[in-house]
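The structure appears below as C-alpha cells.
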Amino acid sequence: AASASGPNRQCTETFGEDDGDRNLSGSEQTLDPALLEIKRKWELEQKELKKKISLEDDRNVEKMLSNPDSDTFYVGGMDISFVKGDDVNACAALVVFSFPDLEVVYEDYQMIQLTQPYIPGFLAFREMDFMIQLYNNVKENNTQYTPQVIMVDGNGILHPRGVGSACHLGVLLDVPCLGVAKNLFFIENDIDRNEEHMEQIASLKQSGDTFPLVGSSSGITYGKALKSCEKATKPVYVSPGHKISIDSATELVHRCSKYRVPEPIRQADLNSREYLRVNFKDGS
DNA sequence: GCGACAG
DNA sequence: ATCTTGTCGC
C-alpha cells in the first residue's frame, strides 16, 4: 500500500457537520518541506525554459493562417482525463485536425500513470512527459499527420513566471504551441478577475471579439480573452506558448472553435473521457 | 495574516 | 481535474 511517502498526513475526520475550527486551510501553506523543495527545483527549470521562448510566428504558422486555400495543415489538441477517485491513473490524448477544414485525421489515447503532484503554476511537470510521448508517437508512426502547431489545455505565457505548460511543451519539442485556459489564471498583483475584467467580458459581443490581457502593474500583455463562439458567455483565455504570436494564437483558436473550446482540445477531452469510461473499469 | 491558484 | 439533475433554447 504505497501511501504518501514522507510526513504522515494527519487528516482527521473533518467529515462531521460541525468541526468547530473554522480555520479552513486558507492559503494552504500547510508546511510540506517536500513540496517546497520540489517547487524551488521546478522554478529553476522554468527560469531556464523561459529564456528559450519565442513569441514570433513560426513560418508554418504564418503560412497556415494566411494561405487562401491550397495546402492542408494540421493542428493538434492535447488533454488528459482522470479517473474519479484516482489521482494516478489517467488517459492522455492527442487528436489532430486538418486545417482549415477541421477534420479529424489522427487520434491517440494512452493510459498513463501520473507520478507528479499538481501544484498551481507547475502543471507542466505533472503532464508534460506524456504529451511529449504523444507527439513522438505521431511523428514516428504517422509523420504525415504531425501537427504544425499544438493546442494545450492550460496557459502559455499567461503564467506567474511566464512559463505555462504550453511554453514548456513548445520549448521541449521546439514546436509551435499555444495555451487555451477555461479560467483566468490569477497572477499576483497583475491579473485577476476584478470588476474591470467582468466589464470587459460583458463588452464582448460577437464571436471573434477579444480584449488583451494586460498586467495592471507590469504592463505585460499575456494574451487575449476570446469570445470563441456566439453562444459562449464566458471567454477562453489564449496565450502563446512558443513560436507563435499572441494574435496568431488567438486567430487560430477562433478558427478552430465550433463551441467554446476549440475542437482539437475539445475532442481530446471528450474522447479521453469516453476512453476511460469504456476501457477502465478497475484494471485494464 | 488573508486571499488567490491553469488542470 | 471530478461529481451531478434539471432546465432553457434552437
Side-chain angles (χ1 to χ4, degrees), chain A residues 21-32 35-36 39 42-43 46 77-93 111-131 150-170 177-195 197-198 213 215-217 222-226 229-241 249 253 258-262 265-266 268-277 280:
Chain A
D21 243 330
R22 290 255 161 248
N23 293 327
L24 299 182
S25 56
S27 53
E28 71 82 9
Q29 293 303 322
T30 314
L31 316 166
D32 189 328
L35 282 188
L36 293 180
K39 275 193 176 185
W42 287 352
E43 279 173 359
Q46 292 183 325
M78 293 192 179
D79 189 44
I80 293 181
S81 287
F82 303 79
V83 176
K84 56 177 183 180
D86 187 334
D87 56 347
V88 172
N89 294 295
C91 175
M111 281 307 299
I112 61 174
Q113 296 194 304
L114 298 160
T115 56
Q116 302 302 325
Y118 166 65
I119 301 176
F122 301 92
L123 177 63
F125 294 90
R126 177 167 165 77
E127 313 184 329
M128 216 41 63
D129 288 348
F130 309 103
M131 298 194 160
I150 300 171
M151 294 187 172
V152 175
D153 214 335
N155 297 297
I157 62 174
L158 174 45
H159 175 279
R161 288 168 294 287
V163 203
S165 48
C167 300
H168 204 120
L169 181 65
C177 285
L178 63 88
V180 179
K182 294 181 284 297
N183 294 293
L184 180 61
F185 195 1
F186 177 85
I187 295 178
E188 187 174 357
N189 301 320
D190 223 25
I191 295 282
D192 59 41
R193 331 177 223 262
N194 50 35
E195 296 174 33
H197 184 69
M198 293 312 184
L213 299 167
S216 58
S217 61
Y222 295 99
K224 287 185 175 179
L226 164 74
C229 68
E230 295 298 340
K231 297 180 68 176
T233 296
K234 193 175 172 183
V236 287
Y237 299 92
V238 182
S239 61
V253 170
K258 294 172 69 175
Y259 303 100
R260 188 167 88 106
V261 175
I265 291 178
R266 181 166 168 272
D269 178 32
L270 293 172
N271 298 343
S272 56
R273 276 192 219 189
E274 173 70 1
Y275 187 94
L276 284 179
R277 191 179 71 70
F280 195 85

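Note on naming: letters A, B, ... go to the chains in the order of the sequence lines (proteins, then strands), and numbering restarts at 1 for each one. Just the heavy atoms: all of them, side chains too, but no hydrogens, waters or symmetry mates, feed the values below.
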### Query
Given Watson-Crick or G-U pairs with both distances under 3.5 Å, what dot-bracket string fits DNA chain B, with | for other-strand pairs and [ ] for crossing?
.......

Rounded to the nearest angstrom, tell me the gap between atom [atom1] in [X] and atom [atom2] in [N].
{"X": "A/Leu169", "N": "B/dA6", "atom1": "CG", "atom2": "C1'", "result": "15 Å"}
{"X": "A/Arg193", "N": "B/dC5", "atom1": "CZ", "atom2": "P", "result": "5 Å"}
{"X": "A/Arg126", "N": "B/dG7", "atom1": "CZ", "atom2": "C1'", "result": "8 Å"}
{"X": "A/Asp190", "N": "B/dG3", "atom1": "CG", "atom2": "P", "result": "22 Å"}
{"X": "A/Tyr237", "N": "B/dG7", "atom1": "OH", "atom2": "P", "result": "11 Å"}
{"X": "A/Gln46", "N": "B/dC5", "atom1": "CD", "atom2": "P", "result": "18 Å"}
{"X": "A/Met78", "N": "B/dG7", "atom1": "CE", "atom2": "C1'", "result": "15 Å"}
{"X": "A/Met128", "N": "B/dG7", "atom1": "CE", "atom2": "P", "result": "13 Å"}

### Query
Between which nucleotides of DNA chain C, read 5' to 3', does contact with chain A run, using atoms under 4.0 Å from its heavy atoms?
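Contacts span C/dA1 to C/dT2, reading 5' to 3'.
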
### Message
Expected output is a numbered-order residue list: members of residues 151-159 of chain A with a heavy atom under 4.0 Å from any atom of DNA chain B. What is it?
### Response
A/Asp153, A/Gly154, A/Asn155, A/His159

### Residues forming a ring pair (Phe, Tyr, Trp, His ring centres under 6.0 Å) with A/His168, sequence neighbours excluded
A/Phe125

### Query
For A/Phe186 and B/dA4, is the gap between ring centres under 5.5 Å while the planes differ by less than 30°?
no

### Task
May I ask you to say what A/Asp192 touches in the nucleic acid, namely base, sugar-phosphate or nothing, with a heavy-atom cut-off under 4.0 Å?
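If one applies the 4.0 Å heavy-atom cut-off, A/Asp192 turns out to touch nothing in the nucleic acid.
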
### Message
Heavy atoms only, 4.0 Å cut-off, all strands: where does A/Phe122 land among base, sugar-phosphate and nothing?
### Response
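Here A/Phe122 touches the bases of the nucleic acid.
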
### Task
Verify side chain to side chain contact (heavy atoms under 4.5 Å, CB included) between A/Met78 and A/Phe130, making sure each step is shown before the conclusion.
CA-CA 10 Å; A/Met78 293 192 179; A/Phe130 309 103; over 6 Å; no

### Query
For B/dG7, does OP1 or OP2 lie under 4.0 Å from any side-chain N or O of A/Asn183?
yes

### Message
For B/dA6 and A/Tyr118 - does any side-chain N or O of the residue sit under 4.0 Å from the phosphate oxygens OP1/OP2?
### Response
yes

### Message
On DNA chain C, compare the nucleotides closest to A/Lys231 and A/Asp269; which residue's is nearer the 5' end?
### Response
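Comparing both residues, the 5'-ward one is A/Asp269.
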
### Message
With a sphere of 6.0 Å drawn around CD of A/Glu195, does it hold more than 12 non-hydrogen atoms of other residues, nucleotides or ligands?
### Response
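Atom CD in A/Glu195 is not packed in, count stays at 12 or less.
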
What pairs of donor and acceptor atoms, side-chain ones from residues 179-192 of chain A against any protein atom, are under 3.5 angstrom apart with sequence neighbours left out?
residue: A/Lys182; atom: NZ; partner: A/Asp153; partner atom: OD1; Å: 2.9
residue: A/Asn183; atom: OD1; partner: A/Lys234; partner atom: NZ; Å: 2.9
residue: A/Asp190; atom: OD1; partner: A/Ser216; partner atom: N; Å: 3.3
residue: A/Asp190; atom: OD1; partner: A/Ser217; partner atom: N; Å: 2.9
residue: A/Asp190; atom: OD1; partner: A/Ser217; partner atom: OG; Å: 2.8
residue: A/Asp190; atom: OD1; partner: A/Ser218; partner atom: N; Å: 3.0
residue: A/Asp190; atom: OD1; partner: A/Ser218; partner atom: OG; Å: 3.4
residue: A/Asp190; atom: OD2; partner: A/Ser218; partner atom: OG; Å: 2.6
residue: A/Asp190; atom: OD2; partner: A/Tyr222; partner atom: OH; Å: 2.4
residue: A/Asp192; atom: OD1; partner: A/Asn194; partner atom: N; Å: 3.4
residue: A/Asp192; atom: OD1; partner: A/Asn194; partner atom: ND2; Å: 2.8

### Message
Output the pairing pattern of DNA chain C as a dot-bracket string, 5' first, Watson-Crick or G-U wobble with both distances under 3.5 Å, | for cross-strand pairs, [ ] for crossing pairs.
### Response
..........

